[in-house]
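These notes concern the structure reproduced below.
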2 protein chains.
Amino acid sequence: MLSTKLSSVTIDGSTGAATGARRRRPRGAVREGLVAAGLELARAGGPDAVVLREAVRMVGVVPNAAYRHFANRDELLAAVCTAAMRELAARMAAGVGRVRGKHGDPAAARRRLQAIGRAYLEFARQEPGLFATAFAVPNQHAYGAPGGGAGPYPLPLDQLRAVLDELADAGVLSRRRRAGIEYPIWSAVHGLAVLTGQGPLRDAPDATRRHIEDVTSSFIEAGLA
Amino acid sequence: MLSTKLSSVTIDGSTGAATGARRRRPRGAVREGLVAAGLELARAGGPDAVVLREAVRMVGVVPNAAYRHFANRDELLAAVCTAAMRELAARMAAGVGRVRGKHGDPAAARRRLQAIGRAYLEFARQEPGLFATAFAVPNQHAYGAPGGGAGPYPLPLDQLRAVLDELADAGVLSRRRRAGIEYPIWSAVHGLAVLTGQGPLRDAPDATRRHIEDVTSSFIEAGLA
DNA sequence: TCCGGTTTGTGGACGATGTCCACTAACAAG
DNA sequence: CTTGTTAGTGGACATCGTCCACAAACCGGA
């Protein structure tokens with residue numbers, strides 16, 4: 001098991017009385033705490049590691065308390081997945097934000113596309129648990145709408161679209177080729193992340209990994225022209 | 001729960017005595033039965049549905065009997081994953097085998113590449129549980145070696161390589177472009193399968209799905225030339 | 001033929017998990 | 001202060017993976 005003790009997500013430094021300590025937390029604190037705890041569990045072990053009883057333990061509350069905020073474990077997991085997806089989106093936004101260059105500059109647009117892909121793959125490598133969780137939304141629960149009421153950051157697909165639109169504006173990508181090209185590009189990057197992450201290529205040495213990334217990058221660039 | 005009763009994987013029409021029925025199965029029968037049962041469970045519900053106690057129930061044996069053949073549940077799951085991967089490989093081989101045309105004919109080679117991709121995506125769509133299971137080999141258990149002692153069919157990557165080699169032989173794909181191109185192509189197809197299967201694109205209507213597939217197909221073809 | 005060792009299945013148990021029901025303390029409004 | 005709602009507690013249950021001790025079936029030598 002090697003259950004390393006994760007950072008506690010305790011809400012307040014309670015008096016910790018022995019029995020029936022019925023201290024009540026501020027509004028929404030338990031729910032947020034559960035999601036935060038679930039996120040830590042997911043970070044360490046992927047979606048399957050998001051176990052309700054462990055999360056409530058971290059928050060310092062009895063198992064049933066969770067059922068005041070989520071209908072069942074799947075609903076908690078869905079909330080955690082959304083949070084994980086938001087973190088991925090944030091990293092992508094940060095990565096693309098670091099690229100200098102005016103909108104409309106072809107070279108800058110190209111670099112932004114690369115930055116998006118790199119951020120995606122970096123997140124998948126550095127946070128395999130969160131990455132898997134972001135895409136493990138349980139059936140019967142929906143992914144955020146494309147417009148995105150999902151959070152402060154646009155979803156990955158929308159960020160990719162924005163950059164591709166910029167490439168089209170800059171003339172790097174013809175209007176004809178632009179149509180729908182977000183899908184093969186996203187697929188290629190996502191597939192790469194999955195195959196080298198938990199998939200059959202997960203044991204490939206770093207050199208091979210880099211080679212695969214380079215080839216894929218060239219392949220995508222070639223697909224633009 | 002809606003636990004529909006799956007087809008039983010009983011081994012022999014036993015006498016079914018009440019207690020201590022210690023009938024012993026033919027060599028390896030229990031192990032094979034467990035894998036078959038696990039495969040059914042995986043087909044219906046993915047890797048998480050491969051629950052040891054349910055598998056042994058289907059085989060008609062007590063839970064502990066499984067531990068004579070597998071060290072733990074993960075090892076059983078690993079065997080099931082291998083079986084699922086073998087089934088994917090078989091479908092791919094069948095798909096590519098249906099394509100007529102001599103080795104060396106450029107048009108035939110192109111069609112074979114398409115057939116491989118189509119078989120892959122078709123399997124992912126028709127057997128989502130098995131597809132997910134094939135790629136859900138638990139950590140600490142290895143995927144089959146590239147050469148493939150894994151089974152009667154070459155692994156997906158090797159089949160793809162064979163077709164790409166044929167494309168190179170036929171002159172469709174220059175030697176220079178051939179190097180490593182299996183990775184972006186595999187990634188694109190796999191990513192597509194994952195994203196439209198259980199991923200964020202899983203609720204896309206069929207028309208959109210087809211459009212995405214077409215665009216991806218064109219993208220890959222463009223990457224050859 | 002008997003006999004001792006190895007396989008393989010059984011019985012019973014344990015801890016952990018998700019979930020349900022009834023109860024009650026804390027809070028908000030009148 | 002009363003009253004109704006909300007949010008956390010306590011206890012229980014079925015199910016799951018796994019461990020230990022035991023015994024029946026099988027096998028190869030004497």
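Here is the naming used below: chain letters follow the sequence lines, and residue numbers restart at 1 for every chain. No hydrogens, no waters, no symmetry mates; every other heavy atom, side chains included, goes into these values.
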Please report, rounded to the nearest Å, how far the [atom2] atom of [N] is from the [atom1] atom of [X].
X	N	atom1	atom2	answer
B:Glu54	D:dT15	CD	C1'	11 Å
A:Phe70	D:dA7	CZ	C1'	14 Å
A:Asn72	C:dC20	CG	P	8 Å
B:Leu34	D:dG17	CG	C1'	14 Å
B:Arg25	C:dT8	CZ	P	13 Å

Check: Nearest of D:dG8, C:dT19, C:dG9 to any side-chain atom of B:Val61?
Finding: C:dG9
Note to self: Side chain of B:Pro63, heavy atoms from C-beta onward: which of D:dG8, C:dT19, D:dT18 has the nearest atom to it?
What the structure shows: D:dT18
Would one find a side-chain N or O of [X] under 4.0 angstrom from OP1 or OP2 of [N]?
X	N	answer
B:Arg57	D:dC16	yes
B:His69	C:dG9	yes
B:Tyr67	D:dC19	no

Item checked: A:Phe135: ring-ring contact (aromatic ring centres under 6.0 Å, His included) partners, not counting sequence neighbours -> A:Phe131, A:His190
If you measure from [atom1] on [X] to [atom2] on [Y], what distance do you get to the nearest 0.5 Å?
X	Y	atom1	atom2	answer
B:Leu39	B:Thr82	CG	OG1	10.5 Å
A:Met92	A:Tyr153	CE	OH	12.5 Å
A:Ile181	B:Thr216	CD1	OG1	10.0 Å
A:Leu155	A:Leu160	CG	CG	12.0 Å
A:Ile116	A:Leu121	CD1	CG	11.5 Å
A:Asp206	A:Glu213	CG	CD	9.5 Å

Margin query: Here's a test of your reading of the structure: between A:Val62 and A:Arg53, which maps to the more 5' nucleotide of DNA chain D?
Written below: A:Val62
Check: Does any N or O donor sit under 3.5 Å from an N or O acceptor when you compare the side chain of B:Asn64 with the base of C:dG12?
Finding: yes
Restricting both atoms to N or O, compile the protein contacts to nucleotides 3-7 of chain C shorter than 3.5 Å, with distance only.
residue	atom	partner	partner atom	Å
C:dT7	O2	B:Arg24	NH2	2.2

Next item on the list: Answer with base, sugar-phosphate or nothing: what part of the nucleic acid does A:Arg73 contact at a heavy-atom distance below 4.0 Å?
Entry: sugar-phosphate
Between the protein and nucleotides 28-30 of chain C, list every N/O to N/O distance that falls short of 3.5 Å.
none

Item checked: Heavy-atom pair of closest approach, residues B:Gly197 and B:Arg202 -> O-CB, 3.1 Å
Next item on the list: Please tell me which of A:Val51 and B:Gly28 maps to the more 5' nucleotide of DNA chain C, matching each residue to the nucleotide holding its nearest heavy atom.
Entry: B:Gly28
Notebook entry, point to check: So does A:Glu122 pair up with A:Arg125, basic N to acidic O under 4.0 Å?
Noted result: no
